[in-house]
*Asks:* 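So that we are looking at the same thing, I have put the structure below in structure tokens.
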Amino acid sequence: MTGPPATRHIPPFFEGIAMHAYRTHTCGELRKVHVGSRVRLSGWVNRRRDHGGLLFVDLRDHYGITQCVIEPEATAFATVDKARSEWVLTLTGTVVARTEDTINKDLPTGEVELRIEEASVQGMALELPLPVFGDLDYPEDVRLKYRFLDLRRERLHKNITLRSKVISSIRRRMIEQGFTEFQTPILTASSPEGARDFLVPSRIHPGKFYALPQAPQQFKQLIMVAGFDRYFQIAPCFRDEDARADRSPGEFYQLDLEMSFVTQDDVFAAVEPVLHGVFEEFSEGRSVSPAPFPRIPYDVSMLKYGVDKPDLRNPIIIADVSSVFDREDVVFKAFKGKTVRAIPAPGAATQPRSFFDKLNDWARTDMGAPGLGYVVFENEGGALAGKGPIAKFIPPAALAEMAAKADVKTGDALFFSADTKRDRAAALAGQARIRIGRELGLVKEGEFKFCWIVDFPMYEWNEDEKKIDFSHNPFSMPQFDREKFLALDPVDRATIEGIKAYQYDIVCNGIELSSGAIRNHDPDVMLKAFEIAGYAREETEQKFAGMLNAFRYGAPPHGGTAPGIDRIVMLIAGVENLREVTMFPMNQQAQDLMMNAPNEASLKQLRELHIRVVLPEAK
RNA sequence: GGGGGCGUAGCUCAGUUGGUUAGAGUGACGGCCUGUCACGCCGUAGGUCGCGGGUUCGAGCCCCGUCGCUCCCGCCA
């Protein structure tokens, strides 16, 4: 029912030669041309319809569904009659044409049916904990425990098949672009930055541990040092962090890639045709951003969209109106001296009061903000007039300036996000933009809108620990003169916080597909970069010994990125949850309910690994 | 670690203000039916209302606790 009906990988059947033990055709294959042939099908009972004098069985396999029919007088009747949903049967019989009035147009095989002459049961099924037939929602734990049944269902079967096709398409396109696929180790060393590692104890080296790779980051850079020029891999990555709907617990796959002797634009030029091509191939009528994708500097994105992963299907653009509230003729004290961001709500003047109240409540309760002020722009005697609780504080001249800055007109509204901290004002505005866009139905479906976010800051100030942190990827090359960078004083916060990196994200419809960078391949600059983030030279030397050492033997300039496979497939499949495109996913608590993992280890195993388990004390 | 939602038959759900014996659909089982394709009709079985405690004459419903699932925040260089 889900695969291509034309495809089959079973020996052909010739009259006079013994019939294949299980099937001569797939359940998606039979057509009018087969009428009169004696054939054999194997598959699952999708549906059974008993008419007393006539019994229909819809037999299903990977390729489709074929209706099979038998009458009580037939010798095989007893066997077919006892079969229930999801039993596995082998049915042999003659293909017959259906009469005009019994043709099923919804079924590719609907012009014919199999008149059953022989039947055998290959596998029985207990009463189902999860019906395969139908398209209802079921509890996640039941679905996961009986994943093999869930996977038989049409939607999931189709998604998983789609995933495979997307991966093959990616692989083909990468190879066409001159990339070579290599595998990198799964058992490797712990990486000190970033996510929590999964550790694997060493039997041979008591007290020592391997770590599963969070990403093949260092390996792919070493592959460049080794002179392989263009590498890619559909790479498994392991991170021991909590899950989200679009973030698997434990493990996920990336299209990991790296290139030598490239600038940022070269990486974009290599990735764009691959992503555009894959999305176009599976778009089914949805539009895909043409290459080159827009490039948006991080600072601009934070201002205009309030996030570093903007959904460009949403037409709302945020404006900074701090200066308007600082005007002397504007007497609204609550916003004075703060960063004020204005979020346009096109056409919102016709919205009921509850629309505004609901957004205000959301800002207060969900976002912990003091509120979301607003002004509605109306026409009063040919002039622009403000309406709403705070409109009286804003005289016409200021209102006009605001309208110009935020590009709003009569009939629109403006919401305000204000905070003493610029980042917080931007973040609330970003969330409000998403909500307003959705509430007003402004986000167009049926489009894939890509963009690159570029020029990420290299560092950020960590207020809690009073220190400078890497803001994203510590291996990125700073956009800074080499000699001046090496001479930087780590306490020169103003300069350091202004440094951008050759670091970029690719975003589609508000979902971050990957981040990437032109790497820092200069050992001195790397040591300095880590020194600024508070790592002593010896520490950096030790933690990244392999990579630093390699960089001292002739390292090419290189860069890359790593789009998430799961998220790409989610977007293409149009689903909100990773479990819909992952064959055997874990639940939110990082458990595999089908295989019962994680599980206790035996004492023998622990002893071999020199491990003693110390459980947390019960509360 | 924190916050929200959900938990009633194998499965999907309903269950009024706290009031008699907790219902429906689907699946299972049995019977009838020769053209259905979500076949139809009749019947039967199936319940620790997640678990524990409390309030009450009386709790699926209210309160407290707890467990499970899920979504979000933290976290994810």
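Below, chains carry the letters A, B, ... as their sequence lines are ordered, and counting in each starts from 1.
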*Asks:* Any idea how A:F470 and A:F530 line up, ring-wise: parallel (<30°), tilted (30 to 60°), or perpendicular (>60°)?
*Replies:* perpendicular
*Asks:* At 4.0 Å (heavy atoms only), tell me whether A:R115 reaches a base, stays on the sugar-phosphate, or touches nothing.
*Replies:* base
*Asks:* Do the ring planes of A:F268 and A:W452 sit parallel (below 30°), tilted (30 to 60°) or perpendicular (above 60°)?
*Replies:*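 The rings of A:F268 and A:W452 lie parallel, inter-plane angle below 30°.
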*Asks:* Can you tell me the distance, in whole Å, between the CD atom of A:E111 and the C1' atom of B:C37?
*Replies:*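 A:E111 atom CD is separated from B:C37 atom C1' by 15 Å.
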*Asks:* Provide the distance between the two C1' atoms, one in B:C32 and one in B:C39, to the nearest whole Å.
*Replies:*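 The same atom, C1', in both gives a distance of 14 Å.
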*Asks:* What's the gap between B:G31 and B:U36 when it is taken at their P atoms, as a whole Å value?
*Replies:* 24 Å
*Asks:* Has the side chain of A:R98 got a donor or acceptor atom sitting under 3.5 Å from an opposite partner on the base of B:U36?
*Replies:* yes
*Asks:* Provide the distance between the two C1' atoms, one in B:U70 and one in B:G15, to the nearest whole Å.
*Replies:* 24 Å
*Asks:* Roughly how many Å apart are B:U16 and B:G50, using the P atom of each and rounding to a whole number?
*Replies:* 14 Å
*Asks:* What interatomic distance, in whole Å, is found between P of B:A9 and the corresponding atom of B:A22?
*Replies:* 14 Å
*Asks:* Give none if B:C6 has no partner; otherwise give the nucleotide forming a Watson-Crick or G-U wobble pair with it, both distances under 3.5 Å.
*Replies:*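 For B:C6, the partner nucleotide comes out as B:G68, under the 3.5 Å rule.
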*Asks:* Who does B:G40 pair with, Watson-Crick or G-U, both distances under 3.5 Å?
*Replies:*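 Because both required distances fall under 3.5 Å, B:G40 counts as paired with B:C32.
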*Asks:* Whether the side chain of A:N104 and the base of B:C37 hold a donor-acceptor pair under 3.5 Å is what I'd like checked.
*Replies:* yes
*Asks:* Within the modelled atom types, does a donor on one side and an acceptor on the other bring the side chain of A:D242 and the base of B:G74 under 3.5 Å apart?
*Replies:*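 Side chain to base: pair found, below 3.5 Å.
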*Asks:* So, A:Q221 versus A:Q217: side-chain donor-acceptor pair below 3.5 Å or not?
*Replies:*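 A:Q217 and A:Q221 do have a side-chain donor-acceptor pair below 3.5 Å.
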*Asks:* So that I can tick it off, tell me whether A:E117 and A:R115 are bridged by a salt bridge, with the cut-off set at under 4.0 angstrom between side-chain N and carboxylate O.
*Replies:* no
*Asks:* Do A:D361 and A:K358 sit within salt-bridge range, that is, some charged N less than 4.0 Å from a carboxylate O?
*Replies:*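 A:K358 and A:D361: not salt-bridged.
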*Asks:* Take the protein atom CG of A:L130 and the nucleotide atom C1' of B:U12, then report the distance between them rounded to whole Å.
*Replies:* 11 Å
*Asks:* Using a heavy-atom cut-off of under 4.0 Å over every strand shown, decide if A:Q217 touches base, sugar-phosphate, or nothing.
*Replies:* base
*Asks:* For the P atoms, the ones on B:U34 and on B:C49, what distance do you get once it is rounded to whole angstrom?
*Replies:* 44 Å
*Asks:* Among B:G10, B:C69, B:G35, which is the nearest nucleotide to the side chain of A:F56?
*Replies:* B:G35
*Asks:* Would you please classify the geometry between the A:Y298 ring and the A:F456 ring as parallel, tilted or perpendicular, with 30° and 60° separating the classes?
*Replies:* tilted
*Asks:* Between P on B:C75 and CG on A:D197, what's the gap in Å once rounded to a whole number?
*Replies:* 18 Å
*Asks:* Think A:R49 has a side-chain N or O under 4.0 angstrom from the OP1 or OP2 of B:U36?
*Replies:* no
*Asks:* Taking only N and O in the side chain of A:N577, is any of them less than 4.0 Å away from OP1 or OP2 of B:C71?
*Replies:*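 So the side-chain polar atoms of A:N577 do come within 4.0 Å of the phosphate oxygens OP1 or OP2 of B:C71, strictly under.
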*Asks:* Should A:Q589 be listed as having a side-chain N or O under 4.0 Å from OP1 or OP2 of B:G68?
*Replies:* no
*Asks:* Aromatic rings A:F238 and A:F198: how do their planes relate, parallel, tilted or perpendicular, breaks at 30° and 60°?
*Replies:*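 Because their plane-to-plane angle is over 60°, the rings of A:F238 and A:F198 count as perpendicular.
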*Asks:* Distance only, no hydrogens: is a donor on one side chain within 3.5 Å (strictly under) of an acceptor on the other, for A:Q122 and A:S42?
*Replies:* no
*Asks:* OP1 or OP2 of B:C69 less than 4.0 angstrom from a side-chain nitrogen or oxygen of A:R579, does that happen here?
*Replies:* no
*Asks:* Looking only at N and O atoms, is any donor in the side chain of A:R247 or the base of B:C76 less than 3.5 Å from an acceptor on the other one?
*Replies:* yes
*Asks:* What is the distance, to the nearest angstrom, from the CD atom on A:Q431 to the P atom on B:C72?
*Replies:* 12 Å
*Asks:* Which value, in whole Å, describes the distance between the P atoms of nucleotides B:U17 and B:C62?
*Replies:*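 It works out to 11 Å between them.
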*Asks:* Among B:C39, B:C76, B:U70, which is the nearest nucleotide to the side chain of A:E241?
*Replies:* B:C76
*Asks:* Once you round it to whole Å, what is the distance between C1' of B:C72 and CD of A:Q588?
*Replies:*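 Answer to the nearest Å: 9 Å.
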*Asks:* Check the distance between B:C69's P and A:N587's CG and give it to me in whole angstrom.
*Replies:*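 Checked: the CG to P distance equals 6 Å.
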*Asks:* Compare the minimum distances between each of B:C69, B:G74, B:C39 and the side chain of A:R244, then state the nucleotide with the smallest one.
*Replies:*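 Shortest atom-to-atom distance from the side chain points to B:G74.
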*Asks:* Suppose you measure atom C1' in B:G46 against the same atom in B:G3; what distance do you get, rounded to whole Å?
*Replies:* 39 Å
*Asks:* Which whole-number value in Å describes the distance from A:F238 CZ to B:C76 C1'?
*Replies:*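 One finds 16 Å between C1' of B:C76 and CZ of A:F238, rounded.
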*Asks:* Between A:R48 and A:E86, does any side-chain N to carboxylate O distance fall below 4.0 Å?
*Replies:*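 No, this pair does not count.
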*Asks:* Mark up nucleotides 26-34 of chain B, 5' to 3', with B wherever a protein heavy atom is under 4.0 angstrom from a base atom, S wherever such an atom reaches only the sugar-phosphate, and - elsewhere.
*Replies:* -BSSS--BB
*Asks:* How many Å lie between CZ on A:R48 and P on B:G35, as a whole number?
*Replies:* 16 Å
*Asks:* Report yes or no: do A:Y231 and A:D256 form a side-chain donor-acceptor pair below 3.5 Å?
*Replies:*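 Yes.
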*Asks:* To the side chain of A:Q67, which of B:G35, B:C71, B:C69 is closest?
*Replies:* B:G35
*Asks:* Any base atoms under 4.0 Å from A:Q591, or only sugar-phosphate, or nothing? Heavy atoms, all strands.
*Replies:* sugar-phosphate
*Asks:* Taking for each residue the nucleotide of RNA chain B with the nearest heavy atom, is it A:A245 or A:T99 whose nucleotide lies nearer the 5' end?
*Replies:*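 Going by which nucleotide is closer to the 5' end, it is A:T99.
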*Asks:* Name the residue closer to the 5' end of RNA chain B, choosing between A:N473 and A:L593 according to the nucleotide with the nearest heavy atom.
*Replies:*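 So the residue in question is A:L593.
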